[in-house]
Peer 1: 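Before I ask anything, let me first share the structure, which is written out below as C-alpha cells.
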2 protein chains.
Amino acid sequence: MLTDQRHQLIRDRLAAEGRVLAGELASRFGVSEDTVRRDLRELAKAGHCRRVYGGAVAAAPFAAAPIGLRGGHAVEEKARLAGTAVALLSRGQTLFIDGGSTNVAIAKAIPRDLELTIATNSLGVASALSDHPLVELTMLGGRFVRDLGTCVGADTLAAIAQLGADLFFLGSCGLDASRGVTAFDSAEAEVKRAMAKNSAGIVIAVTNDKLATAAPYRVAGADAIRHLVVEKTAPAAILADFERQGAEIHFA
Amino acid sequence: MLTDQRHQLIRDRLAAEGRVLAGELASRFGVSEDTVRRDLRELAKAGHCRRVYGGAVAAAPFAAAPIGLRGGHAVEEKARLAGTAVALLSRGQTLFIDGGSTNVAIAKAIPRDLELTIATNSLGVASALSDHPLVELTMLGGRFVRDLGTCVGADTLAAIAQLGADLFFLGSCGLDASRGVTAFDSAEAEVKRAMAKNSAGIVIAVTNDKLATAAPYRVAGADAIRHLVVEKTAPAAILADFERQGAEIHFA
DNA sequence: TTTCTATTTGCACGTTCTTGCATGTTCTGC
DNA sequence: GCAGAACATGCAAGAACGTGCAAATAGAAA
C-alpha cells in the first residue's frame, strides 16, 4: 500500500468520523502502529488533523474549505453526521447536493471507491468531490452568491430541470415539524424547491441548533423528508413529530 | 510497446483508480521498472499525476500546492505573469476566464477593490474569486472534467452563448504563430471557441514552455490574440511573429 | 535496402526513502 | 505513585529511486 494512499484513507476516515485510533488504523492497513503514528504526525504537521493521545482528531478545515464553512465549532459533530449520512448511499445512485457546511462535510465523507453521479450548485461541494475519481460530477452553474457559496438563478434552475436524482441532500436551512423546511434566501429556496421536485427522496442532516427553527422562505413540507440525520442528543419530542410525518431518523 | 501508448494507458488507469504502482505497471507492460519510473516522471512533469514513493497518484488539477517545492519556480513565474495580466483590467469590465493554473493565478491576482463581472467554467478560478466582494461572479456549469478542473459540454456552451465579455483570459493551451491557439481536449476547445466568439478581445498569458507548441484541437488563429503576456526571457523571434499578427506583447 | 542518427530501454551503481523493531521516555487511568 | 499503554528516537534491512552508460530500437537519409 502506498504511503499517500494510507494518508488519503486516514483523511477520509477523519472526514467521516472526526477521529481515528492508531491501533485500529494499524490493523486495518496491515502495518505497524509506528507507521501509523508517523502518518498521523505528518498529517498533523500538514494541518489535516490534530494529534491526540491514542490517535488523532479532525482539524478545523481552514485551507481545505475556502467557501462557506463558518461554523468552526461543530466540525467534529458535522463529520459524525456526514459519516452517518453517507451510509445511506449505494453504488450507482444519482444525487443532488446543495450548499451548506454540513453538505461539504458529507461530500468529503463520501468514500472514494463509491461510484456515483452527483450534481451540485455548491462550489465547496464540487471542490470536495473534485478528487473522487469515480464520481461523475455535474456543476450546476448560475449567479454565484458569495454568502452561500452556491449558484442560483435561472441558469441553475434550467440545469436542474434537466436532471433527476435518487436522493437530494438538502442543507443549511431551518427545520420545523409544522412549517417544514425553510431557507433564508428567496433564490436559494427556489433552487432547493427545484431539486426537491426532481428527486425521489430528500435527506437532511442537521445539528441540534437547526431543529425547530424556521426561515422566511418555504422549501418543502416536513412530510417530504425521507431521511433525517441528527445528533444523538437531539430532543426526542421534536424527532417524534418528524417521524410521524414519515421521516426515517438516523442517529450519528 | 510505444511510449505514448504506455503513457495513455497509465493515464487511463490513473483516471480510473486514482493511483498506480510502478512495479505493477512494469509487469503489466512487460518493461522494466526503470522505464515505468521514467514514464511517471514525465507524466508528473506534464502535470498529469503526482509522483509518490512506490508509484504515482492522480493530480489534483487546480489544488493550490503550497508545500510542493518542485514547481516553485513555475509558481513564482506564473504569479509574475498574473500581475502583469491584471494590469490590463479596468473597472466595470466583463471577463471570461477559463481553466488552467495560470488563470487561477490571475484570478488570485485580481485586486479586491476592482469592480468586475466575471464568468468562468473553472472551479479553481471560481474558488479564487469567491472572496472578492466586488466581483459579480457567474459560474458556467456543465460536466466537470477532473483533469482540467473545468466544466464543459452543452450546458456550458448554452450559458456562454447568453453572455458577452470585454476580455477573455484564455489559458492552458498550445500556442504557435502559424497554427494559432490549440487545446488538448475536444470539449475544452469547444468551450474556448464559444468564449472567444463572444468576447471583444483575447488575453493569453503563457510561460515559455507553452510558446511555439501546438495541441490537436484548434481554438483560434494567432491573429485573434489582442494581448500576449510572456516572460521576460521569451524568445524575441517567436514574439515577433505574434506581434506581426496584431498581438500586443506585455513582459512580466 | 543500407547506413546513420536520435531516441528509447535495460542494467549497474550509489543514494534515498520507508518500515519495523528495540530502546528509553511520556502520558493516562487507577 | 504505579502499571501499562502510547509515544519518540535511533537504527538496520530492504525497497524504491536517480543517474550514467551501453545496447537496442526506431526513424530518417542515402
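These values consider heavy atoms only, across backbone and side chains, with no hydrogens, waters or symmetry-generated copies. Just so it is clear: chains get the letters A, B, ... in the order the sequence lines come, proteins before strands, and each one is counted from 1.
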Peer 1: Distance check: side-chain N/O of A:T3 vs OP1/OP2 of C:dT19, anything under 4.0 Å?
Peer 2: yes

Peer 1: Distance check needed: C:dT9 C1' versus B:E42 CD, whole Å only.
Peer 2: 12 Å

Peer 1: Starting from C1' on D:dA8, measure out to CZ on A:R51 and report it in whole angstrom.
Peer 2: 10 Å

Peer 1: Under 4.0 Å: is that the gap between some side-chain N or O of B:S32 and OP1 or OP2 of C:dT9?
Peer 2: no

Peer 1: For D:dC17, does OP1 or OP2 lie under 4.0 Å from any side-chain N or O of B:R41?
Peer 2: no

Peer 1: Closer than 4.0 Å, any side-chain N/O of A:R38 to the OP1 or OP2 of D:dG10?
Peer 2: no

Peer 1: Angle between ring planes, A:H250 versus A:H227, binned at 30° and 60°: parallel, tilted or perpendicular?
Peer 2: tilted

Peer 1: Given axes from five pairs at either end, by how many degrees does the helix from C:dT1-D:dA30 to C:dC30-D:dG1 bend, rounded to 10°?
Peer 2: 50°

Peer 1: With a 3.5 Å cut-off and no angle check, do the side chains of A:S32 and A:T35 form a donor-acceptor pair?
Peer 2: yes

Peer 1: Return the set of residues passing side-chain hydrogen bond (donor to acceptor under 3.5 Å, both in side chains) with B:R19 (not counting sequence neighbours), or none when no residue passes.
Peer 2: none

Peer 1: How many whole angstroms separate atom CG of A:L2 from atom P of C:dC17?
Peer 2: 16 Å

Peer 1: Please enumerate all protein N or O atoms sitting under 3.5 Å from an N or O of nucleotides 22-28 of chain C, with distances to 0.1 Å.
Peer 2:
unit_1: C:dC27; atom_1: O2; unit_2: A:Y53; atom_2: OH; d: 3.2

